Amino acid sequence: MAAVLWVQVCLKENGNSLVSFAAKNGGPKRSKMCSKLSFSSGSLALSGTIANPARSSEEKVYEVVLKQAALVKERKKPKEKSLDLIKIDGTTNWDLLNEAYERCGEVCAEYAKTFYLGTLLMTPERRKAVWAIYVWCRRTDELVDGPNASHITPKALDRWEKRLTDLYEGRPFDMYDAALSHTVSKFPVDIQPFRDMIEGMRLDLIKSRYMNFDELYLYCYYVAGTVGLMSVPVMGIAPESKASTESVYNAALALGIANQLTNILRDVGEDITLKFESNHIVSFHYIVAISDLSDNVGDGDSARRGRVYLPQDELARAGLSDEDIFRGKVTDKWRSFMKGQIKRARMFFDEAEKGVADLSSASRWPVWASLLLYRQILDAIEANDYDNFTKRAYVGKAKKFLSLPAAYGRALVGPSNMA
């Protein structure tokens, strides 16, 4: 969890592409630099699948939580794999690795300014690891939401997943992969949340409606809750915490779900506008970290593919349909529906709050800042009389700055002495 990544990364703080991908023809090419680096990492053994249709989405996701928590328990003191520090062209592997991490930091600084500042509160080791995770998440998001999105196919995502497996096995393709490869060799980060995020990208290629909240919950986990599971091993749990590892991971997961639900509710109006503007184009997506990261979350582009991220059965029970949404008029039925959706999102924020105090002291402030700032978007929707068709709910700069001292005050409170 953390200013991110317990928090989630808005993978679209601006519209520029981070990197280009070999999506159309063939797989990615291994860079010269990464042919020099080779890492050995564990964590693949606990990778499972969550595809049993007999279980609810929450049960499927909890299985992943248990596996990640078990991995952390097994590696309370991660065993760092040795690297051969052989000089190549006068440069050692360590020099190249440090450069890889610096590149990741530069990406964070450019695309996620507030998030980047939050990472500076962390220890250097954790800071670099978070940068590496952020960059991988952003690149994954750009596969379906970047300049080459129209060329992305399921096979391209399959190749991206193969590349993920390679970096977990110590075979990175480029500098950014090298940083993540080293990170997962040092921290007990399971591969499954990364695979599940890719699965969320696959859904964006084939699925445009969510029949009920169970379906939507799984999607929110794929594209946002996964980030919490990726980041907690790096953020660290306070040594004095008596909470179970599973409960801390559940809180991180809840924050990701809450953020994504908030994105969906905030961006309904943008979805409609883009729907009408792109009737003849089937031409989306993501989530956040701190304040300015939330300004460009990609769900507003989702209508370009005709997607509606609201539970269809709940819309029907409220007497609403997709056509009502596209008309963009606030009615009593819409207000009643939105009240229920906002209440649910707040319940996930409440659940997330239970675990922040159990994070390491260096990680608590940026996480609290992110949580408090993002939660206020729901307040803004209410202040707009639930008009998320023509008014964009946002947190003004003054409120953002006022939230920081409040977040700092909460961060001073460590784990409860209660078991």
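Because the structure is predicted, anything quoted here is derived from the model rather than measured.
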Practice task
Any salt bridge (Lys or Arg N to Asp or Glu O under 4.0 Å) involving residues 245-255? Give me the pairs, sequence neighbours left out, ordered by first then second residue.
Solution key: Lys73-Glu246

Handout entry: Asp350 and Lys354: CA distance, side-chain angles, deciding distance, salt bridge (Lys or Arg N to Asp or Glu O under 4.0 Å) verdict
Key = CA-CA 7 Å; Asp350 290 343; Lys354 297 176 183 177; over 6 Å; no

Handout entry: Interatomic distance, Phe194 atom CZ to Leu167 atom CG [nearest 0.5 angstrom]
Key = 8.0 Å

Problem - Check: Val227 main-chain N/O paired with Ser231 side-chain donor or acceptor under 3.5 Å - result: yes

Exercise for the section: Side-chain contact test, heavy atoms from C-beta onward, threshold under 4.5 Å: evaluate it for Pro415 versus Lys242 and give yes or no. Expected result: no

Problem - Shortest non-hydrogen contact between Leu373 and Lys400, atoms and distance - result: CD2-CA, 3.3 Å

Exercise for the section: Would you please indicate if the ring centroids of Tyr176 and Trp136 are separated by under 6.0 Å? Expected result: no

Problem - Salt bridge Glu125-Lys128, side-chain N to carboxylate O under 4.0 Å - result: no

Practice task
Considering only NZ, NE, NH1 and NH2 on the basic side and carboxylate oxygens on the acidic side, decide whether Arg195 and Glu199 come within less than 4.0 Å.
Solution key: no

Problem - OG-CG distance between Ser370 and Leu255, expressed to the nearest 0.5 angstrom - result: 6.0 Å

Handout entry: SB check Arg364 Asp358 (cutoff 4.0 Å)
Key = no

Exercise for the section: Please answer whether the main-chain N or O of Leu404 pairs with a side-chain N or O of Trp365 as donor and acceptor at a distance below 3.5 Å. Expected result: yes

Exercise for the section: Answer whether the closest heavy-atom distance between the side chains of Phe349 and Thr262 falls below 4.5 Å. Expected result: yes

Handout entry: 4.5 Å side-chain heavy-atom contact, Asn259 and Phe348
Key = no

Exercise for the section: Check whether the side chains of Glu314 and Gln341 place a donor and an acceptor atom closer than 3.5 Å, and report yes or no. Expected result: yes

Exercise for the section: Give a yes-or-no answer on whether the side chains of Thr226 and Asp196 include a donor-acceptor pair shorter than 3.5 Å. Expected result: no

Exercise for the section: Step through it carefully: locate the ring centre of Tyr219, locate the ring centre of Tyr309, and say whether they are under 6.0 Å apart. Expected result: yes

Exercise for the section: Rounded to the nearest 0.5 Å, what's the gap from NZ on Lys391 to CD1 on Ile381? Could you check? Expected result: 13.0 Å

Exercise for the section: For the residue pair Leu216 and Ile264, establish whether any side-chain heavy-atom pair is separated by less than 4.5 Å. Expected result: yes

Practice task
Please check if any side-chain donor atom of Gln376 sits under 3.5 Å from a side-chain acceptor atom of Ser403, or the reverse.
Solution key: yes

Exercise for the section: Examine distances only and state if a side-chain atom of Ser185 and a backbone atom of His182 form a donor-acceptor pair shorter than 3.5 Å. Expected result: yes

Problem - Shortest non-hydrogen contact between Pro233 and Tyr249, atoms and distance - result: CG-OH, 2.9 Å

Problem - Closest non-hydrogen atom pair, Leu164 against Ile191 - result: CD2-CG1, 3.9 Å

Handout entry: Electrostatic pair Glu63:Lys60 at N-O distance under 4.0 angstrom
Key = no

Practice task
Find out whether Tyr116 and Tyr111 are in side-chain contact, i.e. whether some heavy atom of one side chain is under 4.5 Å from a heavy atom of the other.
Solution key: no

Practice task
Take Met201 and Thr140, measure what side-chain contact (heavy atoms from CB on, under 4.5 Å) needs, and give me the verdict at the end.
Solution key: CA-CA 8 Å; Met201 303 304 109; Thr140 301; 3.8 Å; yes

Practice task
Decide whether Ser360 and Arg126 meet the rule of one side-chain donor and one side-chain acceptor closer than 3.5 Å.
Solution key: yes

Practice task
Quickly, which of Leu378, Leu261, Ile377 forms a side-chain contact (heavy atoms from CB on, under 4.5 Å) with Ile342? Name it, please.
Solution key: Leu378

Handout entry: Electrostatic pair Asp177-Arg163, nearest N-O below 4.0 angstrom
Key = yes

Exercise for the section: For atom CE of Met211, decide whether the heavy atoms of other residues, nucleotides or ligands shown that lie under 6.0 angstrom number more than 12. Expected result: yes

Handout entry: Side-chain touch Ile325/Leu320, heavy atoms, less than 4.5 angstrom
Key = no

Handout entry: Nearest-0.5 Å distance, CD1 of residue Ile198 to CG of residue Leu157
Key = 7.5 Å

Practice task
Decide yes or no on side-chain contact (heavy atoms from CB on, under 4.5 Å) for Thr245 and Ile237, but give the supporting numbers first.
Solution key: CA-CA 8 Å; Thr245 305; Ile237 298 175; 4.1 Å; yes

Exercise for the section: Salt-bridge test for Arg209 and Asp322: reply yes if a basic N is under 4.0 Å from a carboxylate O, no otherwise. Expected result: yes

Practice task
List the atom of Ala179, the atom of Cys104, and the distance in Å for their closest heavy-atom pair.
Solution key: CB-SG, 3.7 Å

Practice task
Step by step, work out the side-chain contact (heavy atoms from CB on, under 4.5 Å) result for Phe213 and Leu310.
Solution key: CA-CA 8 Å; Phe213 183 69; Leu310 296 170; over 6 Å; no

Fill in the blank from the handout: For Trp368, the ring pair (Phe, Tyr, Trp, His ring centres under 6.0 Å) test, sequence neighbours excluded, returns none

Problem - Residue pair Asn98 / Glu102, side-chain donor-acceptor N/O under 3.5 Å - result: no

Handout entry: Electrostatic pair Arg139:Asp174 at N-O distance under 4.0 angstrom
Key = yes

Handout entry: Salt-bridge contact Glu353-Arg410 (side-chain N to carboxylate O under 4.0 Å)
Key = yes

Practice task
Determine the minimum heavy-atom distance between Cys108 and Tyr134, stating which atoms define it.
Solution key: SG-CD2, 3.2 Å

Problem - Check ion pair Arg375-Asp379 (N to O, under 4.0 angstrom) - result: no

Problem - Verdict with reasoning, Thr183 to Trp131, per side-chain contact (heavy atoms from CB on, under 4.5 Å) - result: CA-CA 10 Å; Thr183 289; Trp131 291 345; over 6 Å; no

Exercise for the section: With the side chain counted from C-beta on, respond yes when Val223 and Met197 share a heavy-atom pair under 4.5 Å apart, and no when they do not. Expected result: no

Exercise for the section: Supply the atom-to-atom distance Leu402 CG to Leu372 CG, rounded to the nearest 0.5 angstrom. Expected result: 12.0 Å

Handout entry: Salt-bridge present (Arg202, Asp158; N to O < 4.0 Å)
Key = yes

Exercise for the section: Taking only Lys NZ, Arg NE, NH1 and NH2, and the carboxylate oxygens of Asp or Glu, determine whether Glu382 and Arg346 approach each other closer than 4.0 Å. Expected result: yes

Handout entry: Donor-acceptor pair between Ser56 and Glu58 side chains, under 3.5 angstrom
Key = no

Problem - Partner set under side-chain hydrogen bond (donor to acceptor under 3.5 Å, both in side chains) for Asn212, not counting sequence neighbours - result: none

Exercise for the section: Enter the distance from Tyr62:OH to Leu253:CG here, rounded to the nearest 0.5 Å. Expected result: 11.0 Å

Handout entry: Minimum heavy-atom distance between Val130 and Met235, given as atom pair plus value
Key = CG2-CE, 2.6 Å

Exercise for the section: Please confirm whether the backbone N or O of Asp214 pairs with a side-chain atom of Ser57, one donor and one acceptor, at under 3.5 Å? Expected result: yes

Handout entry: Note, Asp190 side chain near Met230 side chain (heavy atom, < 4.5 Å)
Key = no

